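Read the structure below first, then the notes.
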Amino acid sequence: MLPTLRSAFLALVAGATAVAAAPAPHAAPAPAHLARRADSIVLTLAGENGGQGVNALQCNNGVASATINLQASINVNNIHAYQPMAELGLPTVTATFTLNGAPAQLTLNNAFNVQAGSTASGNTWVFTLQDDGPHPGGQFNLGSCTTGTTPTVTIAFSSSAITDAAGLPNGADGGPAVPLVNGPVTVVNGLPTQFNGGTGTAATTTSTTSSAAAAGNAATSTTSTAATTSAAAAAAASGACTVTIPANALSATGLSTPWLVSGGGCLQTADGMQTYVSVHILSFLIVMLVVIHSYFIRRFAECTIVDTTNGDLFVYSPLVINKGQDHVTPVVPTLPANSVVGCWFGTNGVSTTLADNNNGADLKTAACVNGDPNTAGDIFGQFATCNGAAFFTAAKAANPTIPALGTGSNGQPCYTTRSFKVVDMDQSDNVISTYLLDGNGKIGQKTTANAKTLTNPINNGSDNVLLASFMRPALGCTDTTTTDLADPTGAKVPSLALQELQANALQADPIALVPPNDPMVVDGNGNIKTTKLNAYRAAVGQPAAAGTTAEATTYCQNYLDVGAPSIITDAKFTKGFSTPDAGNGADLFTFLGQRYEASWIGLGCQNLVQVTYLNATAGTPIIANRDANGVTQSLTFNTASLLALAQTNGLTTGSTTTGTGGAVTSTIVVTVTRTHTVTAGAAATSAAAATSTTSKAAAAATTTAAAGGATTGATVTHAISSGFTNSGWCSGSNQFQTQLTLKVSSVTASVASACAGSGPMAECGLPSFTVTVTKNGAAVNIVSWNGNAATGNTFSFTEGDDMPYYGGGLILDIPCSYTTTGSTPADAASGVAFAFSTTTPTVDLTLNDGTTVTATVAIAAGSA
């Protein structure tokens, strides 16, 4: 874990059981008897970013599949940590699945943000949390289902105990000591009701204390007193916060009345700031010193106002505070006589629920929308609005002046929030508001006056901030701004609504609009929910959608065709540019790449768009290569076209990952390095090496073949390797199905040529090969290869220029069943072998002097 402890949490119990003066920021170390104790430890596993947790749930060809995206947070002694921390212990979790009321039969296709070695067997998945890894998950086949139906899935969680986790030394990160963390773990299942067993409340389980822990503390029970208060702990650990708006919230008085946020961990504090928080445990008031770090869960509100008489636009951000928090009295805005106000809410936590103190009447007056208007409690997640739809209707009718986009340093029109080069899996979901704080937690609006005494800014990490403060500046563009009514100096600020209005007017095709597969607009089972989708679209000024799978597929296709290449072509501007989040990306380039990878999975694009990956195991067009701290340091481009584009744009290397937490296992060279051995007959005359980003004839000029170079007896030898991406799965017709990756390498030549290198080259000819499939020595009938019907036990492929990787879906006529012993996917895969032969006996080679010779094509011994 980084010394700055991005994780949001450190705490010291002051030991008082009555209201007392807050201890000094650098209190004395905890008494020795607290160094070994049974802590109240609560682990909450909910849906990632307010989502359902079980995404892309479907039944195709008789097999149920889903992507599990969790949000893991931890609560020790009733103080909330936003994500797992090694210092506080990283428990092992067992997730037990049911499918349609019976134990599931799991196949783990890919795991992410967990420690290496996670396994699935029967109906359980066992994984260990990763340091600073709040979003564990995986892609699974769940067992057999009836095609055309929606499977019913539940997940139950249990956890190992934490035994003497390291805690933190005195003074770590500027705060007091945190003694050893030790004790059983209560697991709160924060998934929606339909996925946690339908109890209607958060389900809890409690680990038992290990024998080693019990030996160190004989008085330790299997659950501490505080841990038994699961309902309170669940609320504190959930990251689900409530914003309470005042009466007449959209009036000048209402806007300038502080709006209150409440809920576990929902603290309006600055990164690394120390503050004092009073919490209730079992009706006793305990005064605690909390050292708060980045990623504490904060809420923001942002309003935009349109003068309907002339189209003028203004911005005002109401101040959101905790109850009783010291604050600078907000500026009362002067609103135009004929104005329409729209407000939007954002957070870096899990979800936002809107409330009032008038039994919902004030929410209705302000036209607040929190989710599906037809289903109580079915909220969007992080996003909410008051009067958003009415604002956009009025603003468009008022015909405001929309600033031109301008042209960026990349020669393209400056990007908008509706560009596929900007969006992620949940576009237009947050705001740009910034608040200011001082060292004691006093908070105020971002104004010129407040900035003199409140020097710690906090803002809402969002697509909108990413565009306004990072992408546009990196490309030499400026954001659209207008007058801030909170700042009497007339300062200009951006807003979500301003960006959406500009995008509505100026974004060229293809236009990115909130898709049906956005995790914030699907129903509790991850299915398309048109009423929820269109409520969200209206809130950000977008047209209604039909809510079809075709719309979701088109969105993913554009995300592949437009979004992924832009990360490469803009790299000359984003590499080295400041990152929006140093905990996820080393610079803007790597941040955008890891964001793309997560969004591809979060949208379920892997199930909607057919892509041939160079590394089929990863299953995403872009792979984020993370260091030991989880920070993305480089990117791998995982399709042939993206790889070629990366070469053209001078990008160098990337690494593949295991898919289980980002461990680097191998390196793919993006720029092609070639070593050329020059011979004349049997006598070698010289050798040279060259590097080419285009993998073409740069090497040809390196050296010239000796006079009289041999034109007979020439050979080109290929080594071919193959492998499953996993043990595979059972198709709908109970046949064995897998993803197969082939690699062609070790290209050599016995004459002077530009052919010696790591992969196929046009200069060497591009032969074809036949692949023969057997199982335990007997021929295996191929049902299909790469989506194409096949017969017999052979299929063929032809090399492509500078394309060492080939792959695709392979279905073999091998019995496969999740329930029959001896026919599981692992059994079906056992004994399967591949043999290769060439169907192109000779190729023409281009020599370094520009002449050509004919060479025999050979396959290296041991290719399999």
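Nothing fancy with the numbering, it's 1 onward along the sequence. Please read all numbers here as calculations on a predicted model, not as lab measurements. Just so you know, these numbers use all the heavy atoms, side chains as well, and skip hydrogens, waters and symmetry mates.
Counted within 6.0 Å of CG on Asn359, heavy atoms from surrounding residues, nucleotides or ligands total 12 or fewer; the atom is thus considered open. Within a 6.0 Å sphere centred on NZ of Lys446, other residues, nucleotides and ligands contribute 12 heavy atoms or fewer.
A parallel orientation is assigned to the rings of Trp600 and Tyr559, their planes being inclined by less than 30° (bins at 30° and 60°).
Side-chain contact between Pro134 and Gln71 is present, with at least one heavy-atom pair separated by less than 4.5 Å. With a 4.5 Å cut-off on side-chain heavy atoms, Ile443 and Leu436 do not count as touching. Counting heavy atoms from C-beta outward, Thr257 and Thr253 have side chains that approach closer than 4.5 Å.
Shortest non-hydrogen contact noted between Gly593 and Ile622 is O-CG2, 3.9 Å. Ala486 approaches Thr447 most closely through the heavy-atom pair O-CG2, 3.2 Å. Gln268 and Gln325 make their closest contact through O-NE2, 2.9 Å (heavy atoms, listed as atom of the first residue, atom of the second, distance). Residue Thr352 comes nearest to Val243 through the heavy atom pair CG2-CG2, 4.2 Å, listed as atom of the first residue, atom of the second, then distance. Summarising the geometry of Ala395 relative to Val306, their closest heavy-atom pair is CA-CG2, 4.0 Å, with the distance given to 0.1 Å. For Arg472 against Thr416, the heavy-atom pair with the smallest separation is NH2-CA, 4.1 Å.
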Begin from the C-alpha positions of Thr554 and Gln557 and carry the test side chain to side chain contact (heavy atoms under 4.5 Å, CB included) through to its verdict. CA-CA 5 Å; Thr554 299; Gln557 189 67 58; 5.6 Å; no
Please walk me through it: do Asp523 and Lys532 pass salt bridge (charged side-chain N to carboxylate O under 4.0 Å, His left out)? CA-CA 8 Å; Asp523 70 7; Lys532 191 176 182 183; over 6 Å; no
Going through the distances and angles, do Asn464 and Gln499 end up as a side-chain hydrogen bond (donor to acceptor under 3.5 Å, both in side chains)? CA-CA 8 Å; Asn464 306 83; Gln499 290 181 341; 2.8 Å; yes
Please test Tyr435 against Asn456 for side-chain hydrogen bond (donor to acceptor under 3.5 Å, both in side chains), starting from the C-alpha separation and ending with a verdict. CA-CA 8 Å; Tyr435 301 137; Asn456 297 310; over 6 Å; no
Pair Asn55-Thr67, side-chain hydrogen bond (donor to acceptor under 3.5 Å, both in side chains): steps then yes or no: CA-CA 5 Å; Asn55 300 320; Thr67 298; over 6 Å; no
Passes side-chain hydrogen bond (donor to acceptor under 3.5 Å, both in side chains), Asn338 versus Thr309? Steps please. CA-CA 7 Å; Asn338 298 299; Thr309 61; 5.1 Å; no
Please walk me through it: do Lys529 and Asp378 pass salt bridge (charged side-chain N to carboxylate O under 4.0 Å, His left out)? CA-CA 11 Å; Lys529 194 172 190 182; Asp378 187 6; 2.7 Å; yes
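The closest donor-acceptor contact from the side chain of Gln445 to the backbone of Ser317 lies under 3.5 Å. Using a distance-only test at 3.5 Å, with no hydrogens or angles considered, no donor-acceptor pair links the side chain of Ser339 to the main chain of Leu335. Checked by atom type and distance alone, the side chain of Ser433 pairs as donor or acceptor with a backbone atom of Ala301 at under 3.5 Å. With hydrogens and angles disregarded, a donor-acceptor distance shorter than 3.5 Å links the side chain of Arg537 to the backbone of Pro543. Without hydrogens or angle criteria, Asn440 side chain to Lys442 main chain gives no donor-acceptor distance under 3.5 Å. A distance-only check finds a donor-acceptor pair linking the side chain of Ser251 to the backbone of Asn248 [under 3.5 Å]. No donor-acceptor pair under 3.5 Å is formed between the side chain of Asp362 and the backbone N or O of Thr365. Using a distance-only test at 3.5 Å, with no hydrogens or angles considered, a donor-acceptor pair links the side chain of Asn517 to the main chain of Leu603. Under a 3.5 Å cut-off, the side chain of Glu597 and the backbone N or O of Thr620 do not form any donor-acceptor pair. The backbone N or O of Leu588 sits nowhere less than 3.5 Å from a side-chain atom of Thr579 that would complete a donor-acceptor pair.
Interatomic distance, Asp487 CG to Asn450 CG, rounded to the nearest 0.5 Å: 8.5 Å.
Under the 3.5 Å distance criterion, with hydrogens and angles disregarded, a donor-acceptor pair is assigned to the side chains of Thr304 and Ser495. No hydrogens or angles considered: a donor-acceptor pair under 3.5 Å links the side chains of Thr489 and Thr448. A donor-acceptor contact closer than 3.5 angstrom is absent between the side chains of Tyr316 and Glu302. Glu500 and Asn504 form no side-chain donor-acceptor contact under 3.5 Å, judged by distance and modelled atom types alone. Looking only at atom types and distance, the side chain of Asp312 has a donor-acceptor partner in the side chain of Asn310 under 3.5 Å away. A donor and an acceptor atom, one from each side chain of Asp587 and Thr590, are located under 3.5 Å apart.
The six-membered or imidazole ring of Phe383 lies away from that of Phe345, with a centre-to-centre distance of 6.0 Å or more. A centroid separation of less than 6.0 Å is found between the aromatic rings of Trp344 and Phe392. Less than 6.0 angstrom separates the ring centroid of Phe420 from the ring centroid of Tyr555.
Ion pairing between Lys492 and Asp484 fails under the 4.0 Å rule for side-chain N and carboxylate O. Taking a cutoff of 4.0 Å between a charged side-chain nitrogen and a carboxylate oxygen, Arg595 and Asp463 qualify as a salt bridge.
With Gln382 as the fixed residue, the side-chain hydrogen bond (donor to acceptor under 3.5 Å, both in side chains) test singles out one of Thr347, Asn430, Asn460: Asn430.
In this structure, cysteines Cys386 and Cys343 have SG atoms that are not closer than 2.5 angstrom.
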